[in-house]
Amino acid sequence: MVTQLDLSNEDQKLIVRNIRKEDVDEIVKLAQLGFGNPAIAFTKKQYLSHIEIFPEGQVCVEYKGKIVGSCSSLIINFDEYGKEHTIDEISGNGYITNHNPNGKNLYGIDVVVHPDYRHMKIGRRLYEARREICKRYNLKSIIFGGRLPNYHKYADKMSVHEYVEQVQKKNIYDPVLTFQLMNGFKVKGILPDYLKHDTESLKYATLMEWENVDYVPKNITYYQHARPVRIAAVQYKLRELTSFADFKTQCEFFVDMSSRRRADFVVFPENFTLQLLSFIDEKVPSKQVRKISQYTEQFIESFSDLAIRHSVNIVAGSQFVVKNGHIYNVGYLFHRNGKIDSQYKLHVTNDEKKWWGIQPGKTLKVFDTDSGKVAILLGYDIQFADVAETAVNEGAEILFTPFSAEDMQGYLRTRYCAQARAVENQVYTVLSGLVGNLPNVHHLNGQYAQSAIFSPADFSFPGKGIVSESEANTETVTIGDVDLVALHRNRKVGTVTPLLDRKQRKFLLAVKKKQDDVKV
């Protein structure tokens, strides 16, 4: 029968602290009661040895003056032991005489909670205390062998591997393994003959691990716990020009302003060179874009010069390029060190085919920059989930989407997909769009945009997954800071981990297909 507890003023009455010598007798009784099998609990001499050798790794929870939970740990180099080991081998026969202060892993050798207090999240508090120890000592991970106390009920129906799989799928409840999985630990293997007196588990245990995402290898002398990147997305207004020099002057204004705000990237919209048509005397759409392509060399020289002089990486929207007689819509990345990269638009809209004869590119690229790995998904490309997935699988941390849209519907398709790509790939996405119109130029009688920077939707990111966004249909620059370290941490330990889970799903599907092929 569970004792009914008074939880008023719980915070003042519940203390998480290191175990002291005078606690040991009480903890021995707690362990014998909590495990339900005195044979698998540590003895008084063993607990005293734990405190003597590694006092910081021995933790208890005290509630109203009574110890209601405890855990014991030591530091080792797990690679020296291997995946098949016993509790006696890993714990120095229970005395932790093999504790290695210079090791890389925190190994947990017991966690016990008083049966009457298990509804107070005592176990979770102990696991959090272990995580703090792991971080304080800059250890790579927490590892332990987890009991399987309900396995004896299913041993005549399934193997231990099948049992663990069913627990992971939530088809079977195991009080220990289920709790460990819910606290962020991953199953790394099965340990036979782990705990010789554990009859409930039939001596089996699961090898469990929690990775410390803040771990810094000891051979690294400098480490950033944040990698901030500042992005300026230009919401660019179309206006009448008299020359290419006018165009460069207008662009330089935004580059200079972004550089003064110490942006790492400034992003211009797709098709913003259509503005050149305001002084090009050509009325046939297919001929217009070919006339614009004649300015490609000036375009490249100008933006490379701007990137170097203003020390900012420029995602220069897109420019029309003729290659082997075909016309393409090409995005450019001008690095502030002078390097130039390009990305051909992969998916061409119906209007681009109909009016301009644009041909699709064939290759998606991911670019290394001094501020992370990035990819350019021009306009329509962001609406294809597999393109973004491929870019992220190749290491992309930021997806830039220069776009142009004639109406709100076209813009919303781009926006909704950009936000979806940010969530499903745990990546930052950036929109930069055109606004305004050129009444005398075909296809530029109206543009709609609300430029924005999006993040995954989780606690470590801004509300609603919006880092920054501009006012709709106004010439402006929206600026936001993103953190690449937070991004990678979220990919490992986010509330959901779609990128990791998708890879696991594909692996499982591949294994199943291989098995089916063998059956055939």
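These numbers were taken from a predicted model, which means no experiment stands behind them.
- Other residues, nucleotides and ligands place no more than 12 heavy atoms under 6.0 Å from the CZ atom of R124.
- Looking at heavy atoms from C-beta onward, M208 lies out of side-chain contact with I143 at the 4.5 angstrom threshold.
- Between Y295 and F244, the two ring planes are parallel [angle under 30°; tilted spans 30° to 60°].
- Counting heavy atoms from C-beta outward, E165 and N171 have side chains that stay 4.5 Å or more apart.
- Shown here for H335 and D341, the closest heavy-atom pair between the two residues is NE2-OD2, 2.7 Å.
- T497 OG1 to N490 CG: the interatomic distance, rounded to the nearest 0.5 Å, is 9.0 Å.
- Here the shortest heavy-atom pairing between V322 and S293 reads CG2-OG, 3.4 Å.
- Of all heavy-atom pairs spanning K248 and S302, the tightest one is CD-OG, 3.6 Å.
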Query - Worked check of salt bridge (Lys or Arg N to Asp or Glu O under 4.0 Å) between R230 and D264 - result: CA-CA 5 Å; R230 180 162 294 174; D264 296 291; over 6 Å; no
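- Side chains of T369 and N313: a donor-acceptor N/O pair is absent below 3.5 angstrom, by distance only.
- Of all heavy-atom pairs between G379 and F403, the closest is CA-CB, 4.0 Å.
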Query - Stepwise side chain to side chain donor-acceptor pair (under 3.5 Å) check, S141 with E209 - result: CA-CA 7 Å; S141 66; E209 186 174 25; 2.8 Å; yes
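- Considering only heavy atoms from C-beta on, K140 stays 4.5 Å or farther from E211 through its side chain.
- A salt bridge links R239 with E475: the closest approach of a Lys/Arg side-chain nitrogen to an acidic carboxylate oxygen falls below 4.0 angstrom.
- The closest side-chain heavy-atom distance from Y215 to C134 is not below 4.5 Å.
- Taking the six-membered ring for Trp and the full ring otherwise, H85 and F78 have centroids separated by under 6.0 Å.
- R502 has no carboxylate O lying under 4.0 Å from a charged side-chain N of E424, or vice versa, which leaves the two without a salt bridge.
- Here R227 pairs with E397 in a salt bridge; the nearest charged N to carboxylate O distance falls below 4.0 Å.
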Query raised in the report: Between F461 and F459, does a ring-ring contact (aromatic ring centres under 6.0 Å, His included) hold up when you go through it step by step?
Result: CA-CA 5 Å; F461 300 105; F459 295 112; over 10 Å; no
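- One N or O on the side chain of Q235 and one on the backbone of T474 form a donor-acceptor pair closer than 3.5 Å.
- Across every non-hydrogen atom of V366 and A375, the tightest pair is CG2-CB, 4.4 Å.
- Note that CG of L274 and OG of S318 are 7.5 Å apart. Values are rounded to the nearest 0.5 Å.
- Here D214 pairs with R489 in a salt bridge; the nearest charged N to carboxylate O distance falls below 4.0 Å.
- Under a 4.0 Å N-O distance rule, the pair K291/E282 qualifies as a salt bridge.
- Between F185 and W210, the angle of the ring planes lies from 30° to 60°, which puts this pair in the tilted group.
- In this structure, CD in Q275 is found 11.0 Å from NZ in K237, a value given to the nearest 0.5 Å.
- Closest of all the heavy-atom pairs between S258 and V477 is OG-CG1, 4.3 Å.
- With a 4.5 Å cut-off on side-chain heavy atoms, I190 and L207 do not count as touching.
- Using modelled atom types, one finds a donor on one side chain and an acceptor on the other under 3.5 Å when comparing T349 with E352.
- Using a 4.0 Å cut-off between charged side-chain N and carboxylate O, K365 and E394 make no salt bridge.
- Salt-bridge check for R131 with E128: passed, with a basic side-chain N closer than 4.0 Å to an acidic carboxylate O.
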Report task. Check the pair Y107 / Y81 against ring-ring contact (aromatic ring centres under 6.0 Å, His included), numbers first and verdict last. Result -> CA-CA 11 Å; Y107 197 100; Y81 294 86; 8.0 Å; no
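- The CG atom of L241 sits 8.0 Å away from the CG atom of L438 when rounded to the nearest 0.5 Å.
- Open room surrounds OH on Y416; 12 or fewer heavy atoms of other groups in view lie less than 6.0 Å from it.
- No side-chain heavy atom of I75 sits less than 4.5 Å from a side-chain heavy atom of P101.
- The local environment of CD in E471 is sparse, with at most 12 non-hydrogen atoms from other residues, nucleotides or ligands closer than 6.0 Å.
- Remark: F303 CZ to C251 SG distance equals 3.5 Å, nearest 0.5 Å.
- The residues E389 and R421 are annotated as not salt-bridged, no charged nitrogen and carboxylate oxygen being separated by less than 4.0 angstrom.
- Between R336 and D370, at least one side-chain nitrogen of the basic residue sits less than 4.0 Å from a carboxylate oxygen of the acidic one, meeting the salt-bridge criterion.
- Using modelled atom types and a 3.5 Å distance limit, the side chains of T178 and D174 yield no donor-acceptor pair.
- For F265 and F400, the distance between ring centers is under 6.0 angstrom.
- When side chains are defined from C-beta on, K135 counts as touching N212, because their heavy atoms get closer than 4.5 Å.
- The pair E132-R136 does not count as a salt bridge, with every side-chain nitrogen at least 4.0 angstrom from each carboxylate oxygen.
- Side-chain N/O atoms of N329 and E270 include a donor and acceptor closer than 3.5 Å.
- To the nearest 0.5 Å, the span separating CZ on F144 from CG on N105 amounts to 13.0 Å.
- Under the 4.5 Å side-chain criterion, counting only non-hydrogen atoms from C-beta, L181 is in contact with Q168.
- Using cut-offs of 30° and 60° for the angle between ring planes, the Y380 and F384 rings count as perpendicular.
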